[in-house]
2 protein chains.
Amino acid sequence: MKKEELIISTALKLFVENGFHGTATSRIASESGVANGTLFNYFATKEILIVSIYNSIMKKMDDFIIEGIASNSVSKNAFKSLFVASLRWNLENPAAFQYMQQFNNSPFAKSAISKTLKQEEHPLYVLIKNGIDLVVLKPMPAALVFSLFNAQINGLYYYLLNNTIESERTDELTEDTFEMLWKMIQD
Amino acid sequence: MKKEELIISTALKLFVENGFHGTATSRIASESGVANGTLFNYFATKEILIVSIYNSIMKKMDDFIIEGIASNSVSKNAFKSLFVASLRWNLENPAAFQYMQQFNNSPFAKSAISKTLKQEEHPLYVLIKNGIDLVVLKPMPAALVFSLFNAQINGLYYYLLNNTIESERTDELTEDTFEMLWKMIQD
DNA sequence: ATTCTAACTGACTAATCAGTCGTAAAAATA
DNA sequence: TATTTTTACGACTGATTAGTCAGTTAGAAT
């Protein structure tokens with residue numbers, strides 16, 4: 001692993017465990033196996049490191065979601081594949097997920113403009129917009145449906161996180177929860 | 001205002017603005033108009049202060065929600081009143097809401113056991129449990145429905161937060177969103 | 001082999017911070 | 001009023017931290 005990536009992954013783990021200010025840059029460096037000064041060769045300040053990790057996660061997430069697109073047609077299946085892809089990413093990357101939560105609710109969030117997909121460009125947003133235009137979905141503000149869709153994913157995610165469920169049952173619940181969501185948003 | 005309350009409200013504001021470790025106890029004290037040492041008379045450590053604020057918000061929130069209970073019967077209206085009360089509390093206390101988010105996604109979250117309503121005792125959870133037993137709601141795990149219910153509130157809240165909406169339209173959207181939720185969870 | 005360059009190193013520093021403590025004011029009690 | 005108890009004060013400290021920098025290393029280029 002390249003040093004830069006190594007620092008990012010160590011920092012991600014430590015930030016989630018101890019918080020941003022609770023994690024000393026010296027600790028990140030030593031646990032990454034690099035010298036103190038090396039960290040600052042890659043990231044001029046701690047804040048830049050924190051925002052870089054955010055952008056790095058965002059990119060991976062967006063790539064994963066985009067891969068998960070089953071079709072460009074406005075079909076129930078298209079929504080379902082995005083629902084499942086989003087949920088799976090959260091389940092498979094809980095540390096990254098929590099990093100995002102921590103970051104988004106921190107004062108650093110405002111420093112993170114751009115570099116990441118704007119809401120109106122997000123595949124799910126586009127799909128929802130088309131769905132509403134084509135009267136497949138209820139006539140509501142697309143941004144609201146987008147927000148509710150993501151909220152539903154989070155709701156299911158937190159349930160699965162706090163209750164130990166076998167993976168077979170997880171799939172079943174994912175199915176059921178998506179059906180509920182679909183019943184809710186379809187026209 | 002009592003000094004203790006004064007410190008709590010100042011600290012709440014500063015923690016939301018600058019993060020937990022980004023806010024010096026000395027700054028909290030001086031902005032509260034009390035001496036440095038006085039703060040530590042009320043809260044032995046910074047961590048105790050942070051957790052105390054959490055508990056203080058939790059209590060106010062629970063009280064507000066409990067007040068919002070329209071009836072003990074398992075009716076659509078009972079669910080709606082809890083939905084509306086929860087949402088309204090968030091909208092009227094955005095700083096406190098963000099504090100909770102920040103806290104729950106921080107390493108301090110684990111220190112916050114007890115003092116606060118357990119999930120199974122939460123009025124909404126009880127209502128959902130009864131709703132499922134009485135076949136008013138879909139036969140799903142009560143904890144999942146609870147999680148989805150709260151997620152829906154958050155989804156709507158974030159939409160309203162990020163899009164400036166007149167209060168009249170807010171009520172309308174709240175109404176519509178609850179109807180969607182109800183369609184989703186009812187049997 | 002020698003030079004050049006870019007990455008790397010870690011001891012160091014100036015600043016900051018959580019928490020202490022001896023003293024003083026204020027409040028309660030007698 | 002006199003005495004005791006509680007609350008408030010703020011200068012101080014030991015510990016920690018983000019970031020620096022003068023020098024080293026390793027490998028590529030000549």
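Computed from a predicted model, the values in this text were never measured in an experiment.
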Exercise answer: donor-acceptor pairs, residues 93-103 of chain B side-chain atoms, under 3.5 Å, sequence neighbours excluded:
| unit_1 | atom_1 | unit_2 | atom_2 | d |
| --- | --- | --- | --- | --- |
| B:Asn93 | ND2 | B:Trp89 | O | 2.9 |
| B:Tyr99 | OH | B:Ile50 | O | 2.8 |
| B:Gln102 | NE2 | B:Phe15 | O | 2.9 |

query: To the nearest Å, how far apart are A:Leu39 CG and D:dC21 C1'?
result: 16 Å
Between the protein and nucleotides 23-28 of chain D, which nitrogen or oxygen pairs are less than 3.5 angstrom apart?
none

- line: salt bridge (Lys or Arg N to Asp or Glu O under 4.0 Å) pairs touching residues 5-25 of chain B, sequence neighbours excluded, are B:Lys13-B:Glu31
Would you give me the side-chain donor-acceptor pairs under 3.5 Å for residues 126-138 of chain A, sequence neighbours excluded?
| unit_1 | atom_1 | unit_2 | atom_2 | d |
| --- | --- | --- | --- | --- |
| A:Asn130 | ND2 | A:Val126 | O | 3.4 |
| A:Lys138 | NZ | A:Met184 | O | 2.6 |
| A:Lys138 | NZ | A:Gln186 | O | 3.3 |

query: By salt bridge (Lys or Arg N to Asp or Glu O under 4.0 Å), which residues pair with A:Glu67, not counting sequence neighbours?
result: none
Which donor-acceptor pairs under 3.5 Å do side chains of residues 144-151 of chain A form with protein atoms, sequence neighbours excluded?
| unit_1 | atom_1 | unit_2 | atom_2 | d |
| --- | --- | --- | --- | --- |
| A:Ser147 | OG | B:Gly155 | O | 2.6 |
| A:Asn150 | ND2 | A:Phe146 | O | 3.2 |

query: How long is the line joining CD1 of A:Ile28 and P of D:dA18, in whole Å?
result: 8 Å
query: Which residues satisfy the side-chain contact (heavy atoms from CB on, under 4.5 Å) test with B:Glu175, sequence neighbours excluded?
result: B:Lys80
message: Without decimals, in angstroms, what is the distance between B:Lys2 NZ and D:dT7 P?
response: 10 Å
query: Hey, mind stepping through A:Ser81 and A:Ile69 against side-chain contact (heavy atoms from CB on, under 4.5 Å) and telling me if it holds?
result: CA-CA 6 Å; A:Ser81 59; A:Ile69 296 176; 5.5 Å; no
- request: Check whether any side-chain nitrogen or oxygen of B:Lys3 sits under 4.0 Å from OP1 or OP2 of D:dT7, and answer yes or no.
  value: no
statement: Rounded to the nearest 0.5 angstrom, the OH-CD1 distance for B:Tyr158 and B:Ile153 is 12.5 Å
task: Can you sort out which residues in residues 5-12 of chain B have a heavy atom within less than 4.0 Å of DNA chain D? Ascending by number, please.
output: none
- request: Considering just the side-chain nitrogens and oxygens of B:Tyr42, establish if one lies under 4.0 Å of OP1 or OP2 belonging to D:dA8.
  value: yes
task: Please list, chain by chain and in numerical order, all residues satisfying side-chain contact (heavy atoms from CB on, under 4.5 Å) with A:Thr164, sequence neighbours excluded.
output: none
Sequence neighbours excluded, every pair satisfying ring pair (Phe, Tyr, Trp, His ring centres under 6.0 Å) that has a member inside residues 161-181 of chain A: A:Phe83-A:Phe178
- prompt: Can you give one letter per nucleotide of nucleotides 18-29 of chain C, going 5' to 3': B for a protein heavy atom under 4.0 Å from the base, S for sugar-phosphate only, - for none?
  reply: BBB---------
message: Just to verify, what does B:Glu172 make a salt bridge (Lys or Arg N to Asp or Glu O under 4.0 Å) with, not counting sequence neighbours?
response: B:Arg169
